[in-house]
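Structure record follows, encoded as structure tokens.
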Amino acid sequence: MPVSCGIVGLPNVGKSTLFSALSAARAEIGNYPFCTIEPNVAVAEVPDGRLAMIQRHIETQKIVPATVQIVDIAGLVKGASEGEGMGNQFLANIRECDAVMQVVRCFGGDRVVREEAVDPVGDAEIVELELALADLDTVRKAQDRLAKRARAGDKEALETLDACAKAAKLLEAGRAARASAWTEREAAALKPICLMTMKPMLYVANVADDDLDGAGSLAQALRKHAARQACGFITICADLEIALREMPAADRAAFMAEMGMKELGLARLVVAVYDLLGLQTFFTAGPKEIRAWTIRSGWKAPQAAGVIHTDFEKQFIRAEVYSVGDLDELGTETAIRAAGRLRTEGRDYAMQEGDVTHFLIGK
């Protein structure tokens, strides 16, 4: 299943630097507002060491990792919901994303243009208010469209209007739509409206290279704000990440060891996004390819098969499943089968993280 994240934040907080570090694409990076004009879109490979491990035991022609689509939009400013700065034209780019990554400056110094003092929480609140106001405008337009149908007794329109009223109350107070508990029916009613503040948010504290763990006061203030919003939080040094990406592999490994870094920030960021969205990975492996697939946690085997091809969900018969750990321990699928660890699962099987799966599909 495709996964997409929109990167938002004020101008010059490191969004485009982070985008370039996460992807093979190179966004324009500048020390001035609205360096990014058109949204940058790239597909970033999800780093997963299990793919190489599977390849050590199963010969294949190619490896295909899972991917995440990253959308970097122009920096928002106070009044963006009313057309200030680059205005609403960029807010629309967030609506189709699964999650929002808000990049917030958590480093001092004067290397990046900023007239006022660095204030991570204040910066985050500006962005959040603009998203809430834009969503409020969307809700009010939806209410206007639905009013006539509701007066005619349309049940679906009435349910959606009730959900819109609940959302409007939150948004008028400057709060995110995700701040409320929603029933399945309410969430389904609001889904076509694509409210930005309904989407899960991950706060990305862009820190200096001497505060990689986010122990400094700026990052800690943002961490507490994220906790109050019940949102995810991660620290990353965008400048360091892009420098590491451009290094030869041997130099990168040596530099990371010197810095005490166990992995690139991309790996941690993807894990955080997966946790935020409730995602997990399963694998298919054979002589043609070894591939990682992304599914929702708790999905059943037929739904997982449907990610490979939509017809496979309907034509699902059974799945043969073993874990990546089984393969690493026993070395071959033959040995896994002989040890009784190759399981045959039916339609009710809930996929587990790291399953290696062969699907039997009918015609």
Side-chain angles (χ1 to χ4, degrees), residues 1-7 15 17-27 40-58 60-72 96-103 199-204 232-238 240-242 244-247 249 252-253 256 261-286 288-299 303-309 323-325 327-328 351-357:
M1 57 177 290
V3 179
S4 62
C5 292
I7 302 178
K15 299 184 311 302
T17 304
L18 180 61
F19 173 87
S20 296
L22 296 179
S23 66
R26 189 66 188 264
N40 296 303
V41 181
V43 176
E45 293 185 353
V46 176
D48 194 329
R50 294 174 295 184
L51 288 165
M53 187 277 288
I54 295 171
Q55 188 184 31
R56 289 198 296 270
H57 301 293
I58 299 176
T60 192
Q61 295 176 17
K62 64 178 178 178
I63 291 180
V64 183
T67 59
V68 175
Q69 179 175 277
I70 307 294
V71 181
D72 171 34
E96 300 305 317
C97 294
D98 298 300
V100 177
M101 291 189 288
Q102 185 182 171
V103 181
K199 300 178 187 300
M201 178 176 284
L202 175 68
Y203 290 87
V204 182
F233 174 86
I234 189 172
T235 61
I236 198 165
C237 177
L240 179 59
E241 290 293 325
I242 199 167
L244 287 169
R245 186 179 181 91
E246 294 175 348
M247 287 182 186
R252 183 190 307 128
M256 289 177 64
M261 297 175 64
K262 295 182 180 179
E263 58 186 355
L264 289 172
L266 171 58
R268 295 188 295 109
L269 190 61
V270 169
V271 169
V273 170
Y274 270 46
D275 288 344
L276 191 69
L277 292 173
L279 303 176
Q280 66 185 45
T281 303
F282 77 93
F283 303 95
T284 53
K288 291 187 176 181
E289 69 174 27
I290 296 169
R291 181 184 290 257
W293 302 89
T294 302
I295 58 173
R296 300 281 182 190
S297 297
W299 272 17
Q303 292 174 288
V307 172
I308 298 174
H309 193 289
S323 73
V324 170
L327 181 63
D328 198 30
M351 299 290 292
Q352 301 299 306
E353 173 64 36
D355 277 346
V356 183
T357 309

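None of these values were measured; they are calculated from a predicted model.
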Taking the side chain from [X] and the backbone from [Y], do they hold a donor-acceptor pair closer than 3.5 Å?
X      : Y      : result
Glu241 : Gly265 : yes
Arg245 : Ala21  : yes
Lys15  : Asp72  : no
Arg252 : Leu244 : yes
Arg56  : Asp328 : no
Ser4   : Gln69  : no

Looking at [atom1] of [X] and [atom2] of [Y], how far apart are the two atoms once the value is rounded to the nearest 0.5 Å?
X      : Y      : atom1 : atom2 : answer
Thr357 : Gln352 : OG1   : CD    : 10.5 Å
Leu240 : Thr17  : CG    : OG1   : 12.0 Å
Thr235 : Leu269 : OG1   : CG    : 10.5 Å
Ile242 : Phe19  : CD1   : CZ    : 10.5 Å
Trp293 : Trp299 : CH2   : CH2   : 12.5 Å
Met261 : Arg268 : CE    : CZ    : 7.0 Å

Please examine the side chains of [Y] and [X], heavy atoms only from C-beta on, and report whether any two atoms are closer than 4.5 Å.
X      : Y      : result
Ile58  : Leu327 : yes
Pro65  : Asp48  : no
Ile234 : Ile236 : no
Arg296 : Leu279 : yes
Ile295 : Gln280 : yes
Ile308 : Arg291 : no
Val68  : Val46  : yes
Val204 : Ile7   : no

What closest approach, in Å, do [X] and [Y] show between heavy atoms, and which atom pair accounts for it?
X      : Y      : result
Leu264 : Met256 : N-CE, 3.6 Å
Gly286 : Thr60  : O-OG1, 2.9 Å
Ala99  : Leu276 : CB-CD2, 4.2 Å

Just checking, is any N or O donor in the side chain of Tyr274 or Thr281 under 3.5 Å from an acceptor N or O on the other one?
no
